[in-house]
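All ligand and atom numbering here is 1-based and tracks the order in the structure.
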Amino acid sequence: AHSMLFVNNLAHNGNAEQKQRILPKVCSGEWVGAMAMSEPDAGTDVLGLKTSAARDEHGNWVLNGRKMWITNGVVDEDGEPADVVIVYARTGEKENGRPELSTFLVEKGFSGYSVGQKIIDKTGMRSSNTAELVFDNCIIPSSNLIGNLGESITHMMKNLEIERLTLAAMSLGIARRSVEEMNRYASERQSFGKDIRSFGQIQKHIGDSWAKYRAIRSYTYDTAHSMNLGGGNQRLDSDGIKLFASTAAKEIADSAIQVMGGYGYVAEYVVERLWRDSKLLEIGGGTIESHQKNITRDLEKNPQAILD
Ligand SMILES: Cc1cc2nc3c(=O)[nH]c(=O)nc-3n(C[C@H](O)[C@H](O)[C@H](O)COP(=O)(O)OP(=O)(O)OC[C@H]3O[C@@H](n4cnc5c(N)ncnc54)[C@H](O)[C@@H]3O)c2cc1C
């Protein structure tokens, strides 16, 4: 979230002053960044977000609303907020009746910016902090508008492409470790006087997992190789790889648990954590259903992509 959703986003969409002032701090780790798009009542339906910003008489922006599920929204157990957050908000309505969404930089210490709650008891990814953020008449100087008014959709879409590829790479790591663990265990564990790897049903778990792992790897590397960072219009493969990798990695982690029997179900043997972590990747950064929707829409517009 820090490097892809904040740093990469600002590097591609911010102006020279914003980059000069903030990038050194977030690159050195002095500041922790976050990106706040999702809300309690709007996730997949981004245009349904309600957080709004309006200008006051001094030319500042006044931000009101709540953001939900924000990675790095808190940075510790005491509820310390992120140092800087990219926030998407409504600033009006376009001629076609759609909301005008604009992008703002909110910094720790701005009046009206606070943490609503730290989200606890997540299924997985527990070493990553998640929080609800509250903006209550939060005052933002006009210099903290990123890009021009109404440009959020472009910022979001460009940034979601690299986010989805990065999340696919996480799935790839989960898949690799799961295959490694189940393969090792299958030689260590004996049943009916034989290594369990001699049983056909165990071989199905290992063989299928290997093939899926290699397919995730190839598609991830292929997408990374062809991706133009910050370029946009590469959604087919950023959605495609995240759709495939997230579910395949979850299935591989599930196979690892199954191969390891009862031991696979407890924390000491790692694979149950990999399964729990893998589940988030079917939801965060866009749900698998949203990827299916996007891919089908994009292939209608560009069927040539199938042949390229
Ligand atoms: C641990 C964690 C960290 C996160 N970090 C961040 C972050 O840093 N920043 C941020 O902005 N967000 C973050 N998110 C939010 C995440 O991006 C959203 O959860 C995700 O986009 C889904 O939104 P939702 O939860 O509101 O589900 P909803 O959009 O309400 O979806 C619910 C279900 O309906 C389905 N659905 C919705 N619309 C359609 C449709 N048109 N067609 C078919 N099915 C549909 C969905 O696929 C899903 O199955 C995080 C979430 C989690 C859990």
Side-chain angles (χ1 to χ4, degrees), residues 1-10 13 26 31-51 63 65-75 81-90 98 101-106 113 115-135 146 152-153 155-168 170-171 174 235 238-239 242-243 246-247 249-250 273-298 300:
H2 173 80
S3 53
M4 292 304 146
L5 306 189
F6 185 87
V7 178
N8 181 71
N9 199 332
L10 185 67
N13 300 314
V26 287
W31 278 14
V32 174
M35 182 282 295
M37 179 167 67
S38 308
E39 300 190 351
D41 297 321
T44 307
D45 179 15
V46 173
L47 292 180
L49 66 81
K50 294 197 180 75
T51 297
L63 184 69
R66 290 188 298 149
K67 294 290 182 180
M68 191 64 175
W69 311 116
I70 307 309
T71 303
N72 290 343
V74 281
V75 296
D83 296 288
V84 62
V85 188
I86 287 177
V87 180
Y88 297 109
R90 274 173 189 255
R98 290 184 148 203
L101 302 183
S102 304
T103 314
F104 297 92
L105 279 163
V106 175
Y113 162 43
V115 172
Q117 57 174 318
K118 178 173 169 147
I119 313 289
I120 53 168
D121 286 343
K122 287 183 299 182
T123 302
M125 298 287 185
R126 291 186 180 172
S127 60
S128 160
N129 288 312
T130 312
E132 178 188 30
L133 302 180
V134 177
F135 304 99
I146 296 182
S152 285
I153 295 294
H155 300 160
M156 280 178 196
M157 291 309 150
K158 275 203 253 173
N159 203 65
L160 280 170
E161 289 174 0
I162 182 78
E163 176 184 8
R164 288 174 182 163
L165 172 62
T166 314
L167 295 177
M170 277 191 202
S171 295
I174 288 172
R235 193 171 73 164
S238 62
D239 276 74
K242 184 166 166 294
L243 170 64
S246 56
T247 300
K250 188 190 70 178
R273 174 175 64 75
L274 297 176
W275 186 94
R276 290 186 288 104
D277 288 350
S278 72
K279 181 61 199 172
L280 174 67
L281 302 166
E282 291 191 326
I283 299 169
T287 63
I288 50 176
E289 291 79 11
S290 72
H291 304 322
Q292 289 157 347
K293 179 167 68 80
N294 293 343
I295 289 168
T296 308
R297 185 181 290 169
D298 290 353
E300 183 182 18

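Checked by atom type and distance alone, the side chain of R90 never pairs as donor or acceptor with a backbone atom of S102 at under 3.5 Å. Side-chain atoms of K279 never come within 3.5 Å of backbone atoms of G124 as a donor-acceptor pair (strictly under, hydrogens ignored).
Here the straight-line distance linking atom OG1 of T130 with atom CG of N72 works out to 8.5 Å at 0.5 Å rounding. In this structure, CD1 in I295 is found 14.0 Å from CD in E300, a value given to the nearest 0.5 Å.
At a 4.0 Å cut-off, not a single heavy atom of M125 sits close enough to ligand 1 to count as contact. Heavy-atom separations between A34 and ligand 1 are all 4.0 Å or longer.
The nearest protein heavy atom to atom 33 (C) of ligand 1 is not closer than 4.0 Å. Distance screen at 4.0 Å: atom 2 (C) of ligand 1 has a protein heavy-atom neighbour inside the cut-off. For atom 53 (C) of ligand 1, the nearest protein heavy atom lies under 4.0 Å away. Counting protein heavy atoms under 4.0 angstrom from atom 8 (O) of ligand 1 gives one or more. Atom 12 (N) of ligand 1 is approached by the protein to below 4.0 angstrom, counting heavy atoms only.
For ligand 1, the atoms sitting less than 4.0 Å from at least one non-hydrogen atom of M35 are 7 (C), 8 (O), 9 (N), 10 (C), 11 (O), numbered in the order shown with element in parentheses. Set against the non-hydrogen atoms of G285, the atoms of ligand 1 under 4.0 Å away are 17 (O). Residue K293 has at least one heavy-atom neighbour below 4.0 Å for each of these atoms of ligand 1: 41 (N). The distance from ligand 1 to the heavy atoms of I70 drops below 4.0 Å at these ligand atoms: 7 (C), 8 (O), 9 (N), 10 (C), 11 (O). Listed by atom number, the atoms of ligand 1 under 4.0 Å from I283 heavy atoms are 19 (O), 20 (C). Residue-ligand proximity, L280 to ligand 1, at heavy-atom distances under 4.0 Å covers atoms 1 (C), 2 (C), 52 (C), 53 (C). Atoms of ligand 1 lying under 4.0 Å from at least one heavy atom of T287, given by number and element, are 22 (C), 46 (C), 47 (O).
Scanning the protein for heavy atoms near atom 4 (C) of ligand 1, the closest one is W69 O, 2.9 Å. Atom 15 (C) of ligand 1 has S38 OG, 3.2 Å as its closest protein atom, hydrogens excluded (heavy atom only). Protein heavy atom at the shortest distance from atom 24 (P) of ligand 1 is G43 CA, 4.0 Å. Of the protein's heavy atoms, E289 CB, 3.7 Å lies nearest to atom 44 (N) of ligand 1.
Not counting sequence neighbours, the partners of R276 by the side chain to side chain donor-acceptor pair (under 3.5 Å) test are E272.
Each of V84, L105, V26, L5 was evaluated against L10; a single residue qualifies, L105, per the side-chain contact (heavy atoms from CB on, under 4.5 Å) test. Of the residues listed (E161, E282, H291), the one engaging K242 in a side-chain contact (heavy atoms from CB on, under 4.5 Å) is H291, and it is the only one.
Of the N and O atoms on the side chains of N9 and N13, at least one donor lies less than 3.5 Å from an acceptor on the other residue. T103 and S152 share a side-chain donor-acceptor pair at under 3.5 Å.
Close N/O approach between G286 and ligand 1 is not found [any backbone or side-chain N/O within under 3.5 Å]. At least one N or O atom of T71 sits closer than 3.5 Å to an N or O atom of ligand 1.
Among T44, I86, L5, T130, the residue whose heavy atom sits closest to atom 38 (N) of ligand 1 is T44.
Summarising the local packing, CZ of R98 is surrounded by 12 or fewer heavy atoms from other residues, nucleotides or ligands at distances under 6.0 Å. Enclosure of atom CH2 in W31 by more than 12 non-hydrogen atoms of other residues, nucleotides or ligands within 6.0 angstrom is indicated.
Taking the charged nitrogens against the carboxylate oxygens, K50 and E39 have no contact shorter than 4.0 Å, which rules out a salt bridge. With salt bridges taken as basic N to acidic carboxylate O contacts below 4.0 Å, one links E132 and R66.
Here A1 has no heavy atoms under 4.0 Å from ligand 1, in either its backbone or its side chain.
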